[in-house]
Student: 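One structure is given below, represented as structure tokens, and several questions about it will come after.
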Amino acid sequence: MDLNGTVFGSSDICASHLTQWSRGAFTCDHTDCSGRRAPSTEHRAPSTMPAVSKGDGMRGLAVFISDIRNCKSKEAEVKRINKELANIRSKFKGDKALDGYSKKKYVCKLLFIFLLGHDIDFGHMEAVNLLSSNKYTEKQIGYLFISVLVNSNSDLIRLINNGIKNDLSSRNPTFMNLALHCIANVGSREMAETFAAEVPGVLVAGDTMDSVKQSAALCLLRLYRTSPDLVPMGEWAARVVHLLNDQHLGVVTAAASLITSLAQKSPEEFRTSVSLAVARLSRIVTSASIDLQDYTYYFVAAPWLSVKLLRLLQCYPPPEDAALRSRLTECLETILNKAQEPPKSKKVQHSNAKNAVLFEAISLIIHHDSEPTLLVRACNQLGQFLLHRETNLRYLALESMCTLASSEFSHETVKTHIETVINALKTERDVSVRQRAVDLLYAMCDRSNAKQIVAEMLSYLETADYSIREEIVLKVAILAEKYAVDYTWYVDTILNLIRIAGDYVSEEVWYRVIQIVINRDDVQGYAAKTVFEALQAPACHENLVKVGGYILGEFGNLIAGDSRSSPLVQFNLLHSKFHLCSVPTRALLLSAYIKFINLFPEVKTTIQGVLRSDSQLRNADVELQQRAVEYLRLSCIASTDILATVLEEMPPFPERESSILAKLKKKKGPGNLPGIDDVRRNVNGSAEHGQNAEEAKKAPAQPFTDGLSLNSSSSPGANLLVDVFSDNSAPPTAEVSEENFHRFVCKNNGVIFENQLLQLGLKSEYRQNLGRIYIFYGNKTSTQFLSFSSAVNSPDLLKTQLIVHAKAVDPVIEGGAQVQQILNIECVSDFTEAPVLNIQFRYGGALQNIAVKLPVMLNKFFQPTEMASEDFFQRWKQLGAPQQEVQKIFKAKHPMDTEVTKAKILGFGVALLDRVDPNPANFVGAGVIHTKNVQVGCLLRLEPNTQAQMYRLTLRTSRDSVSQRLCDLLSEQF
């Protein structure tokens, strides 16, 4: 079995290995399943296995293999094999009983013939008979033959199962190992049905030897992976966790693989493994390599076990216990520190093992997303790898930094490496590394660097590999839309995109630019002028003709006053492209022509002449012919008023998720959930809120997926509430998950719930008393979720305080896919409770019910307020009534870090006021809670006492209920 608990396929046996098995030894230069390096290149069976004498070698097998190798042709080989098969068949059918040695030899020959690609239809019974032998070599060959040739539907399966049961109950460690290996190698559902209840007993039995425990753990893991529903969770589940404390590190390594898989499905049953895993990891990373000499790989102590323990910890959130959390933080810091030490060996195995542990530790840091110091250190460490000469390290560093870029704590640090990433995009030879560089630029993009990143992507697009051009086009389109403060820049970018890579610009991209231009009055004239100039190029891509035809047909009148772009010039320019375009584009241009008749009556005669031409009225394409006939008749018989009504300007498009983003999600594949990870978190205190006030006023209120406001006539916040609401009938109730609720008090985005089937991610944004939550349902399995539905339920009182409307969600979620649901929220008055999201779906025929408490808190409706010191204290005195102030003194639950505290206060929603408090160690903030009925001003003061590890939090607002609720929420964060 390999280090991840995967059983090596027996069909990978070569002839030399088969010969060595026949002698009872096996030459190999791999590590064993415990992660320990073999002391020499040849390792025999464990000490529990019987010694094999030299006389046990099978000369007949060696001669047969030699004969096959010496055959000059395929015909000669087949002839020699047929001769041998006839001989073996006669021996098996003969009257004389064969001894164990002869059976073993002939079964080995049959196995070798099978591995050469020939069918074997006899000898199975003789192999089964070998299982009852007391000789190790004979029993070994019997199990090997069964693992390779016997299928689960064989008539002999009952005899085989009996033989395996006899060996499992024999308490002979050698025979038990052989039986466990056979169960794992076959790994069928029938094997699971028979032995899934027995193997756990072997694993947790007090008298089981260490080598058997290893095999039992990995065997159970194989059965669990193939048939998880057949592995019962009984008393052994709690006992298997304590194998992490076993003195034998091989047992711990095998147990870690098993527990990790089990914890992914049943995290609560194995939660106690967290403390044991942290304790074991602490002992490993703080020990010298000499302390774990048998399990040290090129000066790295137990790297396999370290990786497995770190992976196990990623099944759970950060530990609640402060001491345990501190110990885990020390472990991670030690791993990061060791990565900075000079290498103890120049061999690649040393660096590989060291970096494997480091990258897994960074994955755990990213998963917890709660220690800013560790996140920044991890980012800096990865930044060093960006310049490493090893391609694989550069690839892994870019991939990990993509995830780090989505954290509010490390995003700014990731941005410092932008020049290195851009250089990698230009100079890397490996296309996969360049693709990861594109992904990282996309992830680190924000309003401060959007123009630079988009420009670099456009520059690279001209020479990019064809395999990734479409993805780059989609990402450029998304970034240009999402961070467009100046919409003229957005139009220029998309047109440039079409010019550079028109063949890779999908319909979703040019549809999107049309929607945005139609919905924004301030950019329509510029767009018309720009596309008119672009169409004057001798060679234009067809997508540019589509965009030009649509925009000029709608807004050509805005530039018609210039003689250089008069109506006739516009028409002639479009019509010069007509004969070079495909049928769909010609159809669009005909629609643009009839629009011209409405906009510019002076060109009516010219356009009617085109529509009357035989090439239009008698066109072979039915669609073009019908449009020409109908448009011609419409222009002839309709009055000016009717034409103006029928051909009026397109109304604004309704708000919807960006189809470009949906296409990118689909292209990224089912294994990735870009809706949760690819779009950076937008919380108070992040780079988005670090802009100056003037720029912030220019920026429209943009939802994450829509990017640009699509209703220019409405107020900035009005478009957050739209119709098409779903039925909010509640499915059967389930236990409400609140595990991650308080983690979202100071942040707006992340994974709120996750189990073995479903990952639930949130992205939120709030403006005044309105909010919107994007919920991403990720199917982690390969099976469809059917009858999928969700509903938001609130207590009666909360329904009057908080209005939540949910859009409908797709009833089917494909395996590995992700769907999105939008919740629109309006805060009517202050509240204390939170709504609950109830999810119901069918998986594998079973009805699943999940309930998650949505992180909609009162502080989400904060608007930060900047004020001078005098104004602050004047307002502080005004709110001096006893019922307006709430004060709380509490013990620090987390390390008292100044930068972390600032980030949390900003994330809470208030403005952090510098140089207001006479004590520079104190934190002072101000903000306004916006509800539909009233606005509530809020002032807060946080006084840390580092010596006593205590805080004093004081809040003053104009409503006592608001003061109390905000105090309760914020005090839980420190």
Side-chain angles (χ1 to χ4, degrees), residues 491 510-511 513-535 542 544-579 581-619 621-654 710-713:
V491 172
W510 76 265
Y511 285 172
V513 71
I514 293 297
Q515 292 174 17
I516 290 166
V517 170
I518 286 179
N519 285 339
R520 297 204 63 86
D521 296 336
D522 56 342
V523 78
Q524 291 167 358
Y526 181 82
K529 179 175 179 294
T530 306
V531 296
F532 175 78
E533 293 173 351
L535 285 171
E542 190 166 332
L544 181 59
V545 178
K546 292 176 182 177
V547 174
Y550 203 113
I551 290 179
L552 291 179
E554 292 291 331
F555 310 114
N557 59 309
L558 299 179
I559 61 172
D562 191 331
S563 59
R564 292 170 296 180
S565 55
S566 64
L568 186 60
V569 173
Q570 291 184 43
F571 170 74
N572 289 333
L573 179 61
L574 284 178
H575 197 55
S576 67
K577 315 293 182 183
F578 186 89
H579 302 289
C581 298
S582 62
V583 170
T585 305
R586 292 184 186 185
L588 186 150
L589 289 177
L590 289 178
S591 297
Y593 296 168
I594 192 66
K595 288 268 189 175
F596 271 26
I597 291 179
N598 178 47
L599 292 176
F600 316 118
E602 62 266 32
V603 298
K604 178 177 180 179
T605 305
T606 305
I607 294 175
Q608 285 179 333
V610 171
L611 295 176
R612 283 196 181 94
S613 64
D614 287 346
S615 60
Q616 304 302 333
L617 294 180
R618 299 183 180 181
N619 197 294
D621 186 86
V622 176
E623 174 68 23
L624 292 181
Q625 185 185 99
Q626 182 175 354
R627 288 196 185 209
V629 171
E630 291 179 355
Y631 290 162
L632 179 60
R633 294 300 297 159
L634 180 64
S635 66
C636 292
I637 65 174
S639 65
T640 305
D641 292 339
I642 293 176
L643 273 179
T645 303
V646 174
L647 302 175
E648 67 179 348
E649 187 178 301
M650 286 291 291
F653 285 88
L710 292 181
N711 192 352
S712 57
S713 61

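Computation of the quantities below employed the complete heavy-atom set of this structure, encompassing side-chain atoms and omitting hydrogens, waters and symmetry-equivalent molecules. The structure displayed is predicted, hence computed values, not measured ones.
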Student: How long is the span from the CG atom in Asn557 to the CZ atom in Phe555, to the nearest 0.5 Å?
Tutor: 8.5 Å
Student: Specify the closest pair of heavy atoms between Ser563 and Val569, including all atoms of both residues, with the distance to one decimal.
Tutor: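 Ser563 and Val569 have their closest heavy atoms at O-CG2, 4.2 Å.
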Student: Could you check Phe600 against Leu568 for side chain to side chain contact (heavy atoms under 4.5 Å, CB included), going step by step and ending with a plain yes or no?
Tutor: CA-CA 9 Å; Phe600 316 118; Leu568 186 60; over 6 Å; no
Student: Looking at Ile518, is its backbone amide N or carbonyl O close enough to the side chain of Gln524 to form a donor-acceptor pair, meaning the two atoms are under 3.5 Å apart?
Tutor: yes
Student: Would you say that Ile597 contacts Tyr631 through its side chain, given a criterion of any heavy-atom pair below 4.5 Å between the two side chains?
Tutor: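 Counting from C-beta outward, Ile597 and Tyr631 never come under 4.5 Å.
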Student: Could you pull out the closest heavy-atom pair between Val545 and Cys581, with the gap in Å?
Tutor: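 Between these two residues, the closest heavy atoms are CG1-SG, 3.9 Å.
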Student: How long is the gap from CD on Glu554 to CD1 on Ile514, to the nearest 0.5 Å?
Tutor: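 Answer for the CD-CD1 pair, Glu554 versus Ile514, is 8.5 Å.
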Student: What pair of heavy atoms forms the shortest contact from Leu574 to Gly548, and how long is it?
Tutor: CD2-C, 4.2 Å
Student: Closest approach of Ser635 and Ile594, non-hydrogen atoms and distance?
Tutor: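 That would be CB-CD1, 4.1 Å.
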Student: Distance check, rounded to the nearest 0.5 Å: Thr530 atom OG1 versus Ile551 atom CD1?
Tutor: 8.5 Å
Student: For the atom pair CG (Leu611) and CG (Leu617), what is the distance rounded to the nearest 0.5 Å?
Tutor: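 Between atom CG of Leu611 and atom CG of Leu617 there are 7.5 Å.
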Student: Could you grab the distance from atom CD of Gln626 to atom CG of Asn619, nearest 0.5 Å is fine?
Tutor: 12.0 Å
Student: Could you tell me whether the side chain of Arg612 reaches within less than 4.5 Å of the side chain of Cys636, counting heavy atoms only?
Tutor: yes
Student: Out of Leu589, Val610, Ile607, which residue meets the side chain to side chain contact (heavy atoms under 4.5 Å, CB included) rule with His575?
Tutor: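 Of all the options given, the one that passes is Val610.
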Student: In this structure, are over 12 heavy atoms from other groups packed under 6.0 Å from Lys529 atom NZ?
Tutor: no
Student: Closest approach of Gly549 and Ala592, non-hydrogen atoms and distance?
Tutor: O-CB, 3.4 Å
Student: Could you report the tightest heavy-atom contact between Leu588 and Arg627, atom names first, then the distance?
Tutor: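 Nearest heavy atoms, Leu588 then Arg627: N-NH1, 4.2 Å.
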Student: Could you tell me whether the side chain of Leu590 reaches within less than 4.5 Å of the side chain of Phe578, counting heavy atoms only?
Tutor: yes
Student: So Val517 and Tyr550, do their side chains get closer than 4.5 Å, heavy atoms only?
Tutor: no
Student: Any chance you could measure Lys595, atom NZ, to Leu643, atom CG, to the nearest 0.5 Å?
Tutor: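 One gets 11.5 Å once the value is rounded to the nearest 0.5 Å.
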Student: Answer yes or no: is there a side-chain heavy-atom contact under 4.5 Å between Gln570 and Ile559?
Tutor: yes
Student: May I ask you to test the Phe596-Leu552 pair for a side-chain heavy-atom distance under 4.5 Å?
Tutor: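 A side-chain contact exists here, since the closest heavy-atom pair is under 4.5 Å.
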Student: Say whether, by atom type as modelled, one donor and one acceptor occur between the side chain of Glu623 and the main chain of Ala587 under 3.5 angstrom.
Tutor: no
